[in-house]
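Take a look at the structure below.
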Number of protein chains: 2
Amino acid sequence: MEQMPPPDLRIHRPPQMLRELAVERLRGAIIAGRFPSGARLVERALCDQLGVSRSVVREAIRILETEGLVESLPNRGPVVARLDWGQARQIYDIRRLLEGSAAAGCAAVADGAVKAELAAALAAMRGGSDAVFAATTRFYEVIFRSAGQDIAWEIVQRLNGRISRLRALTLAATDRAVPGHERMARIAAAIAANDPDAARAAVEAHLDEAAGIARRMLEGV
Amino acid sequence: MEQMPPPDLRIHRPPQMLRELAVERLRGAIIAGRFPSGARLVERALCDQLGVSRSVVREAIRILETEGLVESLPNRGPVVARLDWGQARQIYDIRRLLEGSAAAGCAAVADGAVKAELAAALAAMRGGSDAVFAATTRFYEVIFRSAGQDIAWEIVQRLNGRISRLRALTLAATDRAVPGHERMARIAAAIAANDPDAARAAVEAHLDEAAGIARRMLEGV
DNA sequence: GCAGTTAACTTGGTATACCATCATACGGAA
DNA sequence: TTCCGTATGATGGTATACCAAGTTAACTGC
């Protein structure tokens, strides 16, 4: 006999650990530019601002360090990492390889469900910049996961933290939302047509454009 | 007139932080198989074994977590991550992309100094497995750095932590040291000839062979 | 034999204290 | 006045003790 599934009545106490929340807060603040490049991250001050203890702050900083958002100088403590065009170029190059490969792999195996999810993410991109960000993330996650490349997806997400700082400025300066949507629609179309080469080319075109914008912003300064 | 480079007289006080030492010890122990897959990493026990305090152990575990060597279950604590062929395959795929690109980039720009360093690393591979490991690392570091791909090098190093666990078994089982040396010599030759395509092909052949060995080990079980 | 309770252990988190180092500001001597 | 040394404070790094919540396992009573 099939039992009724046990109803999930749990209080849903945040299963997220305090340190994860701290990481997200800090990462968000850095990406949003509330901590400028080179700013010192004073532990005790962060404890007050986040309302957590030093252990949590320190572990969070270690994690952000591995993401390249923070770097610790000996005897000086952590500071917000600087981002120059040399680094951004490398990151775009790596994303070009990884996302291109994932899009090709996804196009090779995409079935109806994958295509529907991509279309849904694309449709969800109407709205505020928060919705755009979430939908974009979802879009790429579907591509990577369906291509069976979870580890590459993790790497790309970590890399994105570093260059997401550019997005804040990009969005503030130019309204790139519409062309971005267009580019992603082209990627989705190539995947819908199960055309790996076209998918890779679309991804690379998208990234080349983004890299160009980043370059103008970072080199112009 | 060329000035003498300023002599480095610094006392060289261990600039390494305790936490870095702990990370290296733990990583080494996991790679060497002293902590089997799935084993729980009890914080207080590690404090005793490493002779450091909980703060250090916890931060070290966070770092190993981002390397994929450890994963933390809520309310259970950290355990040694399991490595299956699905993950290893993904890692080899990513290395194929990144190392292939780096070798091609290196071959495109390599000058005499780079070629000499590669030859030196190759020569240093005579010796115990420690020397082989160090020389191999140095070999790839030269390739990535000379290609201007420091960030990709960091990523590859992090990924390598995960599959280095295989190397311990590989070396124990088969003596792949000699063919490995041969493969790397072919990479160095392609770079010495400034032939990017050949360099990429040599790297990919090397990795395909390594992936094949890993597959037989992980799928056979 | 089995169910329910309890006890021990572990974790995540916090607070606190201590030390070494670095930067700065102050004060005295040439 | 200027320079040097020192006192002081801020900061990071480390260690230790403690608590609440959860898991695990044993134990006990039926």
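Order of the sequence lines fixes the chain letters, A, B, ..., with proteins taken first and strands second; residue numbering starts at 1 for each chain. Keep in mind that the numbers below use all heavy atoms, side chains included, and drop hydrogens, waters and symmetry copies.
- With hydrogens and angles ignored, a donor-acceptor pair under 3.5 angstrom links the side chain of R54(B) to the base of dG13(C).
- Every salt bridge (Lys or Arg N to Asp or Glu O under 4.0 Å) that D208(B) has, sequence neighbours left out, goes to R96(B).
- Taking the six-membered ring for Trp and thresholds of 30 and 60 degrees, H206(B) and Y140(B) have nearly parallel ring planes, at less than 30 degrees apart.
- Rounded to an integer number of Å, the gap from CG of L18(A) to P of dA20(D) is 17 Å.
- Near DNA chain C, defined here as any heavy-atom distance below 4.0 Å, there are no residues from residues 60-73 of chain A.
- Residues meeting the side-chain hydrogen bond (donor to acceptor under 3.5 Å, both in side chains) test with W85(B), sequence neighbours left out: none.
- For R162(B), the side-chain hydrogen bond (donor to acceptor under 3.5 Å, both in side chains) criterion is met by no residue, not counting sequence neighbours.
- Applying the salt bridge (Lys or Arg N to Asp or Glu O under 4.0 Å) test to R58(A) and every residue at least two apart in sequence or in another chain returns E43(A), E59(B).
- R58(A) comes within 4.0 angstrom of a base, heavy atoms only.
- Side-chain nitrogen and oxygen atoms of S53(B) include none within less than 4.0 Å of the OP1 or OP2 phosphate oxygen of dT14(D).
- In this structure, the CZ atom of R76(B) is 12 Å from the P atom of dT10(C), given to the nearest Å.
- For DNA chain C, the residues of residues 34-49 of chain B within the heavy-atom distance limit of 4.0 Å (strictly under) are R40(B), L41(B), V42(B), E43(B), R44(B), sorted by number.
- For E99(A), the salt bridge (Lys or Arg N to Asp or Glu O under 4.0 Å) partners at least two apart in sequence or on another chain are R95(A).
- Legend: residues meeting side-chain hydrogen bond (donor to acceptor under 3.5 Å, both in side chains) with E24(A), ordered by chain and number and at least two apart, are Q16(A).
- A search for side-chain hydrogen bond (donor to acceptor under 3.5 Å, both in side chains) contacts involving R158(A) returns nothing, not counting sequence neighbours.
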